[in-house]
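Accompanying notes for the structure given below.
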Amino acid sequence: MEFFDTLYRRKTVRNYTGEAVIDVQLAKILKAAQASPIGLKRYDTLHMTVIRNKAFLDKWEQKVYAETGRMPFYGAPTLILISSVLNDAPYDNVNYSNAAIMAQNMALAACEMGLGACHIWGAVRTLNKSPELLAELKIPEGMTPVCSVIVGMTDETYEERDVPDRITTVYFD
Ligand SMILES: Cc1cc2nc3c(=O)[nH]c(=O)nc-3n(C[C@H](O)[C@H](O)[C@H](O)COP(=O)(O)O)c2cc1C
């Protein structure tokens, strides 16, 4: 897809076949994160965990279900978790934003290849309250998971979408 075509066709996908993402595609998705702009080039404040362990995703999903009554991963086979450094004044907003930008770069890369993607923020809150799950992931010392994106094969297609102006915007000239 052309860049603007990808941008405007992109949508959140909450429906996955469960098939594994092939390595070449996963590598491109991860490379998209590596291509992200990162505030002050502080690459060492960020960490990615590529989770393909179904037993782990199921365990995590059940915890979210117990809390919210919702299954958050929609059958996706791969979740990329991004951890960052929190309570790092004056960079707090930068550290969160870096992670979000990486997630969106990955979501766009997945869309470009016809894969589904969905930002998963809610389930990360549950993860952060589950020391036993966190321990399994071995997140580097001083880092905290802040967001994630699921990717996977989907039967959904990316159709042309209407993108209305729905976020208030003012010009201050
Ligand atoms: C920061 C952020 C967090 C989100 N968290 C979740 C989530 O936890 N679960 C989910 O299903 N969708 C999540 N989404 C997807 C939004 O619900 C979705 O982007 C919104 O409904 C607009 O739909 P669209 O992406 O198809 O344009 C998140 C999106 C963003 C940007």
Side-chain angles (χ1 to χ4, degrees), residues 1-18 21 29-30 32-33 35-39 45-52 54 56-86 88 91-130 133-134 137 139 143-169:
M1 282 192 244
E2 292 294 323
F3 176 73
F4 281 100
D5 208 27
T6 305
L7 206 55
Y8 297 146
R9 286 174 189 252
R10 181 215 60 83
K11 64 176 177 179
T12 289
V13 170
R14 297 190 177 90
N15 192 357
Y16 296 87
T17 65
V21 176
I29 290 168
L30 296 171
S36 304
I38 298 297
T45 60
L46 293 154
H47 180 76
M48 286 192 282
T49 312
V50 182
I51 306 177
R52 294 186 290 188
K54 186 169 173 0
F56 182 87
L57 289 176
D58 286 348
K59 246 189 304 185
W60 180 3
E61 187 158 55
Q62 283 306 324
K63 278 200 180 285
V64 177
Y65 184 74
E67 243 182 61
T68 65
R70 292 217 297 268
M71 298 292 269
F73 301 146
Y74 314 111
T78 305
L79 180 147
I80 302 150
L81 180 70
I82 306 171
S83 301
S84 187
V85 176
L86 301 187
D88 186 27
Y91 303 121
D92 291 338
N93 62 349
V94 175
N95 293 1
Y96 272 113
S97 304
N98 286 334
I101 289 165
M102 290 164 66
Q104 179 60 3
N105 262 19
M106 290 194 279
L108 285 172
C111 171
E112 162 70 23
M113 294 186 287
L115 295 170
C118 178
H119 290 287
I120 301 293
W121 256 241
V124 174
R125 289 194 293 273
T126 306
L127 176 68
N128 284 330
K129 289 186 283 183
S130 312
L133 289 182
L134 281 175
L137 293 177
I139 304 297
M143 292 201 183
T144 305
V146 290
C147 62
S148 65
V149 58
I150 48 173
V151 294
M153 308 266 277
T154 182
D155 291 329
E156 290 191 23
T157 51
Y158 290 104
E159 310 298 339
E160 216 162 288
R161 292 209 302 177
D162 183 32
V163 181
D165 290 339
R166 51 200 167 177
I167 299 169
T168 56
T169 308

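Every number for a ligand or one of its atoms is a count from 1 in the order of the listing. Here the structure is a predicted model, which means the values were calculated and not measured.
- Side-chain contact between Ile29 and Met113 is present, with heavy atoms from C-beta onward closer than 4.5 Å.
- A salt bridge links Lys129 with Glu67: the distance from a Lys NZ or Arg NE/NH1/NH2 to an Asp or Glu carboxylate oxygen falls below 4.0 Å.
- Ligand 1 lies under 4.0 Å from heavy atoms of Arg10, Lys11, Thr12, Arg14, Tyr74, Cys118, His119, Ile120, Trp121, Gly122, Arg161.
- Using a 4.5 Å cut-off on side-chain heavy atoms (C-beta onward), Ile139 and Thr144 make no contact.
- Thr6 places none of its side-chain heavy atoms less than 4.5 Å from the side chain of Tyr158.
- The aromatic rings of Phe56 and Trp60 lie perpendicular to each other, with more than 60° between the two planes, well past the 30° mark.
- Using a 4.5 Å cut-off on side-chain heavy atoms (C-beta onward), Leu115 and Met153 make contact.
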